[in-house]
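One structure below.
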Amino acid sequence: MILFIPVILPLSAIVLLLFSYRRERLQQLISIVSMGILTLLAAYILWLVMKHGPFAMQAGAWPAPFGITFVADLFSAIMLLTTALLSLLVTIYSTGFLDRTRRKAGFYILIHGLIGGVNGSFLTGDIFNLYVWFEVMLISSFVLMTLGAEKKQLRGSIKYVVLNLVGSVIFLTAIGLIYGKTGTLNMADLAVRLRESEHIELINSSLMLFFIAFGIKAALFPFFFWLPASYPTPPVAITAFLAGTLTKVGVYVIIRFYCLFVISDINVFYYLVMGIAGITMVSGVLMAASSYDIRKILSFHIISQIGYMIMGLGLATVAGLGGAIYFMVHNMLSKTATFMAGGLMYKYRGTYNLHALGSIYRDFPLLAFLFLLPALSLAGIPPLPGFFGKLFLIYGGFTEGAWIITSIAIAVSIITLFSMIKIWNEAVWKNPPGKETGMQKNPLPPSAFYATIAMVVLIILFGLATGHLSDHFFEAGRQVLDAGLYINTVIK
Amino acid sequence: MLTLLAVIIGFLYAASIYMFLRRSIVKLVLGIIFLSHATNLLLFVTGGLRIGKPAFTDADGSVDLATVSDPLPQALILTAIVIGLGITAFSLVLVYRFYKETGTVDLDELAENDQS
């Protein structure tokens with residue numbers, strides 16, 4: 001039963017929120033309480049998995065290949081806890097950050113829909129059920145993105161909506177084809193049948209369709225154009241939410257599917273994944289280096305960092321996957337924190353444009369540090385988690401002898417540092433452009449400010465505790481790689 | 001029957017891609033509708049076509065596998081149609097709202113707007 005609660009809880013919170021639609025204080029209280037319970041619950045599930053190993057639950061007690069299965073292994077439990085923590089902090093952040101109209105227009109309801117979909121995608125062991133959770137997540141994100149209906153928001157949303165819908169339809173097509181070929185939709189059962197099949201190469205067409213569908217969701221190289229068009233347009237609290245969760249679900253599913261279903265033609269997939277990882281890293285970071293808007297720079301960095309995670313997958317070793325999982329957690333926290341700090345800068349100065357910003361360090365040093373720490377973490381400076389994430393991946397790459405991709409990863413991380421320093425120089429350090437008196441110094445909303453501080457403290461603690469935690473991440477990588485373990489967990 | 005369905009599905013996919021390549025956003029929405037219908041039909045075919053055989057058990061609960069259709073694809077299509085309905089409704093509202101705000105449904109003008 002416990003595995004279904006992370007989905008049921010947000011969905012029941014939606015019902016409560018709808019009943020208190022006109023009373024915003026009550027809505028805030030319900031949201032924060034339900035996100036808090038979700039965090040505790042995710043921590044409990046993680047503890048259960050660490051103690052007893054992966055476990056599965058069947059909806060309605062239908063035995064495994066027939067009913068809908070929910071599975072928790074270390075990877076999904078870690079992702080569950082990270083998402084819950086992140087949503088709790090961003091919810092607190094947005095109570096002070098978002099304007100009244102958006103908060104009243106159902107913001108709290110939509111984030112619960114989003115989180116319900118994300119949790120479902122992490123836990124489900126059934127492909128069609130995964131499609132349904134994807135849709136729950138996507139529809140909530142569509143509405144979140146258009147909330148407020150400003151002109152540029154609508155313009156970005158059209159690209160976002162259309163490309164993601166095409167992705168969903170490709171996903172559904174792949175589901176249809178795979179059901180026609182194998183007659184099963186349960187992921188563990190499917191993995192068994194593929195391993196027993198004599199004509200294993202027939203699966204490749206479906207696998208490529210899956211790869212394209214999830215590539216669109218995860219913003220991989222040829223499919224990422226919706227992300228820079230749409231992510232910078234809504235208010236930063238919403239972008240922080242989407243940036244932390246949506247693309248990472250895509251990466252999660254790619255990793256899960258790759259480890260379970262890629263059995264034949266491993267070399268082809270290896271070069272495909274590695275090539276795409278390299279190009280994604282490079283193109284994302286180059287676009288970031290050429291932008292002058294904080295939100296755009298940070299959005300392009302999302303793409304670049306996705307490349308690192310996919311690189312860890314391509315290595316397909318315990319070190320590579322453990323590194324990729326560590327990197328995902330680090331990225332969800334650090335990325336969200338940079339967005340939150342960037343949003344605070346906007347509140348303080350009234351603009352996102354680097355040309356118009358300046359001298360935040362002189363006027364408000366704490367705010368400057370709130371941005372600096374997660375930014376350095378993204379660039380990979382010790383002892384922040386970004387350093388260890390890249391260290392694990394680069395170490396994994398060199399031990400595998402993947403010289404080219406590893407060199408690209410190192411070069412990209414230097415350019416990342418460059419574009420973070422650019423924000424630092426322009427927004428924080430340089431003298432204000434124009435007249436001194438023209439610079440705004442607006443008061444910051446306290447809830448948003450303290451939520452950002454909590455996020456940054458969390459990142460520092462996560463980085464410092466890496467020595468104790470890294471074994472668990474490598475164990476998670478081992479569990480993901482071991483398809484037999486997954487199969488045995490689901491089908492007793 | 002299978003050939004006919006295959007031709008229809010292929011035609012729907014082709015039509016939807018043609019619609020995606022047009023400049024008008026309204027046609028983009030039509031393209032989405034065609035695409036989801038094509039996929040729903042594809043799902044229907046994957047269960048195998050058994051003409052005149054409903055996906056029901058007999059009155060006493062026994063099942064003769066030779067005489068029933070596979071119920072799972074039909075359940076999948078039902079879900080997919082409902083999701084498709086919601087998404088179509090949302091994208092229609094989005095396009096309408098976009099037209100209200102910008103006064104155009106032309107994607108090329110949209111790109112020019114992006115520059116400014």
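Throughout, protein chains are lettered first and strands after them, A, B, ... in sequence-line order, and every chain is numbered starting at 1. Just so it is clear, the structure is predicted and the values come from calculations on it, not from any experiment.
Heavy atoms closer than 4.5 Å to chain B are found in both the backbone and the side chain of A:F142. Only the side chain of A:T146 comes within less than 4.5 Å of a heavy atom in chain B; its backbone stays farther off. For a residue to count as touching a neighbouring chain, one of its non-hydrogen atoms must lie under 4.5 Å from one of that chain's; by this rule A:L185 touches chain B with the side chain only. Neither the backbone nor the side chain of B:Y99 comes within contact range of chain A; no heavy atoms are under 4.5 Å apart. At a 4.5 Å heavy-atom cutoff, the contact between A:L172 and chain B is made by backbone and side-chain atoms alike. Of the atoms belonging to B:L76, heavy atoms from both backbone and side chain fall under 4.5 Å from chain A. Only the side chain of B:F20 comes within less than 4.5 Å of a heavy atom in chain A; its backbone stays farther off. For A:V143, the parts lying under 4.5 angstrom from a heavy atom of chain B are both the backbone and the side chain. Of the two parts of A:V169, the backbone and the side chain both hold a non-hydrogen atom closer than 4.5 Å to a non-hydrogen atom of chain B.
The choice from B:L72, B:V95, B:N40, B:V93 that makes the most heavy-atom pairs within less than 4.5 Å of chain A is B:L72. Of the listed residues A:V132, A:V162, A:V136, the one with more heavy-atom pairs under 4.5 angstrom with chain B than any other is A:V162. Contact count versus chain A (heavy atoms, under 4.5 Å) is highest, among B:L43, B:I32, B:T39, for B:T39.
Of all non-hydrogen atoms in A:G176 and B:T46, the two that sit nearest each other are O-CG2, 2.8 Å. Closest approach of A:K151 to B:E101, counting heavy atoms only: CE-O, 4.0 Å.
Note: B:F98 CZ to A:I158 CD1 = 4.5 Å, rounded to the nearest 0.5 Å. One finds the OG atom of A:S168 at 6.0 Å from the CD1 atom of B:I87 (value rounded to the nearest 0.5 Å). Summarising the geometry, atom CG belonging to A:L165 is positioned 11.0 Å from atom CD1 belonging to B:I33; distances are rounded to the nearest 0.5 Å. The distance from atom CG of B:L94 to atom CD of A:Q153, rounded to the nearest 0.5 Å, is 10.5 Å. Here CG of A:L154 is found 13.0 Å from OH of B:Y96. Values are rounded to the nearest 0.5 Å.
Atom CZ of A:F4 is surrounded by more than 12 heavy atoms from other residues, nucleotides or ligands within 6.0 Å.
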Checklist entry - Does the pair B:T79 and A:Y131 meet the rule for a side chain to side chain contact (heavy atoms under 4.5 Å, CB included), with working shown? => result CA-CA 10 Å; B:T79 319; A:Y131 167 76; 5.8 Å; no
